[in-house]
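Along the sequence shown, residues carry numbers from 1. Side chains are part of it too, since the values below use all heavy atoms of this structure and drop only hydrogens, waters and symmetry mates.
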Amino acid sequence: MPPAKKFLNKAEDAVEEMVQGAVAYERSLTRIADLHVLARADYAAKQASQVAIISGGGSGHEPAHAGFVGEGMLTAAVLGGVFASPSASAVLSAILAVAGKPGCLLIVKNYTGDRLNFGIALEKAKAAGIPCEMVIVSDDCALEEKGVTGRRGIAGTIFVHKAAGAAATAGKSLAEVAGAARAAAAAVGSMGIAMTPCNLPGAAPSDRLSGNQIEVGMGIHGEPGAHTQECVPCDDMVGTMIGAILDKPGYLKVDKGTEVGVLINNLGATSTMEMQVIARAAIANLEKRGLKPTRMLVGPYCTSLDMLGVSISLIALDASLTGALDAATSAPAWGKLHNISSAPNKAGPMPSMPAESIVKGDGTKDDRIAALITAGTKALAAKEPELTEWDKIAGDGDCGYTMKRGAEKVLADLASYSTGDGFALLHALADSVSASMGGTSGALLEIALRAAAGAFKGGKGWAGALTAGVDAMMFYGNGQPGMRTMLDALLPMKEAAIAGGDVKACAAAASKGAESTKEMLALAGRANYVNQDAYKGVPDP
């Protein structure tokens, strides 16, 4: 099997070229010699007055660790190979380069290789007369502790960086900076869930999680987690993660009423939409537990290459830790710390059209029209799977869902329509479409219905109304017959209506027109970007 697709040159050059890229555009960073060590560009100016803070570990977790180098966070980051600890000599070089008389704090995630290599460097630096301390972070709540390895260090380490960085910037001593870091490390817990494992540069794609499986507690290097299970709704997954942090004896213990900081960490490939749904669920879950989420970070902080997953980190806050999180930092990846201590902004009022412009029906009913609308909307909703499948081939896959939403809204609103008043009915249908569909299809149908209503009011009857609607769709949508769009079904229907055809004749003409799109070249819509061979023989949905 070929390697996983990546925007890389050679897998073995990935870390070196990543370092080159970082210093090429981020002017707040500088490189130490030809090492994979990135430091604050102004580190020399701070050596005499501030404790230096160094962290690091394997690459592949970006923006950790170099993204957190800056005033108020790290002084330097030491980068190993992909998921490999940096060498002791590289860590020592970082200490020698950036540490001054105030000393140096090493913040290390709890992995054996990191502990050993940072530890060797620390002992050598101390022997050279540089005051050094180390704080180990083990915030992962996925696995039961056994043996001497202990819990893994994951995204909650970012809170520890921030607490230590704020103390160092304030001019605190090495002991005080280390104390701030240890307090943060003791107050944080993390838990993640992955839907796909990560793919290492140069390695074949992983098929470890198949079908609908997810892995609860997968490590940031793709290590096995607590268990695999079927995917469940987001709220349940968030509940599992928060429960693992807060409900296990010996893990993070917080009392009701405690203020907490929350990190919703993108493990690499989770969409912004999903991240915001997760944030919503996390806030609700914590508040239901009687906790007070007051600070929140949302985004990629400690990733696992291209893993589709998320982790949640919670930190129990006191005044000191809250102040440390709020303190200024120039670290480029810190992003925006959201203060969520107050209630969300209330939604503004629903705007409304001026009363004189609102179309009100006369209340008359036409059972035949209502029956036609009922039959049509039910048939359209039932076609959703087929329309979706066709649109996946030639578009973005949303056509079926969009049409179904519109059909269901019309059916739900039908009882309120004046079905015996054509002008009001067409506007009411347009209102239902506007409220439910969206997208290009929704806009075109609403335009057609509004124009049809105007023609009907002008006495042109149903055939004239249909003509006006289709003509408006052509004008505003810039479409023409033969472009493989809904016009290729509507134009034959319009001609059948003008010729005096009944509903069945018009429907048959529309069906024949839709079938004709199977062999058409798409000249409009998203299908215009797709090779014709991909959709040939498939009608335009």
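- At distances below 3.5 Å, at least one donor-acceptor pair connects side-chain atoms of Ser313 with backbone N or O atoms of Gly156.
- We find the NZ-OG1 distance between Lys256 and Thr258 to be 11.5 Å, quoted to the nearest 0.5 Å.
- In this structure, CG in Leu291 is found 8.0 Å from CG in Leu314, a value given to the nearest 0.5 Å.
- The minimum heavy-atom distance between Ala333 and Pro63, with the atom names listed, is CB-CB, 3.4 Å.
- Heavy atoms only, all atoms of each residue included: Pro224 and Arg208 are closest at CA-NH2, 3.4 Å.
- Lys409 places no side-chain N or O within 3.5 Å of a backbone atom of Met437 that could act as its donor or acceptor partner.
- Side-chain atoms of Asn110 come within 3.5 Å of backbone atoms of Arg151 as a donor-acceptor pair (strictly under, hydrogens ignored).
- Atom-to-atom distance recorded for Leu286:CG and Lys288:NZ is 12.0 Å, nearest 0.5 angstrom.
- Taking Glu16 as the reference, Gln20, Arg31, His36 meet the side-chain hydrogen bond (donor to acceptor under 3.5 Å, both in side chains) condition, with sequence neighbours excluded.
- Among Met237, Met195, Met191, Met275, the single residue meeting the side-chain contact (heavy atoms from CB on, under 4.5 Å) criterion with Val310 is Met275.
- The minimum heavy-atom distance between Ala180 and Ala167, with the atom names listed, is CB-CB, 4.0 Å.
- The closest donor-acceptor contact from the side chain of Ser206 to the backbone of Asn199 lies at 3.5 Å or more, if one exists at all.
- Counting non-hydrogen atoms of neighbouring residues, nucleotides and ligands closer than 6.0 angstrom, the NZ atom of Lys124 reaches no more than 12 such neighbours.
- Side-chain polar atoms of Lys109 and His61 form no donor-acceptor pair below 3.5 angstrom.
- Panel note: side chain Thr303, backbone Gly268; no donor-acceptor pair is recorded below 3.5 Å.
- When only modelled atom types and interatomic distance are considered, Asp140 and Ser190 share no side-chain donor-acceptor pair under 3.5 Å.
- Between the side chain of Glu12 and the backbone N or O of Lys10 there is no donor-acceptor pair closer than 3.5 Å.
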For Cys302 and His65, what are the C-alpha separation, side-chain angles and deciding distance, and is it a side-chain contact (heavy atoms from CB on, under 4.5 Å)? CA-CA 8 Å; Cys302 183; His65 300 84; 5.8 Å; no
Pairs under 3.5 angstrom only: tabulate donor-acceptor contacts from the side chains of residues 87-107 to other protein residues two or more places apart or in another chain.
unit_1, atom_1, unit_2, atom_2, d
Ser87, OG, Ser89, OG, 3.0
Ser87, OG, Ala90, N, 3.1
Ser93, OG, Ser89, O, 3.0

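- Between the CD1 atom of Ile242 and the CZ atom of Arg289 there is a distance of 6.5 Å, given to the nearest 0.5 Å.
- What you find for Ala163 and Leu321 is that their closest heavy atoms are CB-CD2, 4.1 Å.
- Under the side-chain contact (heavy atoms from CB on, under 4.5 Å) rule, Met296 has a single partner from Val260, Leu263, Ile283, which is Ile283.
- Here Tyr111 contributes atom OH and Asn117 contributes atom CG; the two are 15.5 Å apart, rounded to the nearest 0.5 Å.
- Not one N or O on the side chain of Asp114 forms a donor-acceptor pair closer than 3.5 Å with the backbone of Val108.
- For the pair Thr294 (side chain) and Ser341 (backbone), a donor-acceptor distance under 3.5 Å is absent.
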Side chain to side chain donor-acceptor pair (under 3.5 Å) between Ser320 and Asp318, intermediate numbers included: CA-CA 5 Å; Ser320 177; Asp318 56 19; 4.6 Å; no
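- How far NE2 of His161 is from OH of Tyr301: 13.5 Å, rounded to the nearest 0.5 Å.
- Listed by first and then second residue, the salt bridge (Lys or Arg N to Asp or Glu O under 4.0 Å) pairs involving residues 39-62 are Arg40-Asp42, Arg40-Glu71, Lys46-Glu71 (not counting sequence neighbours).
- Annotation for Asp207: atom CG does not count as buried by contact number, only 12 or fewer foreign heavy atoms lying within 6.0 Å.
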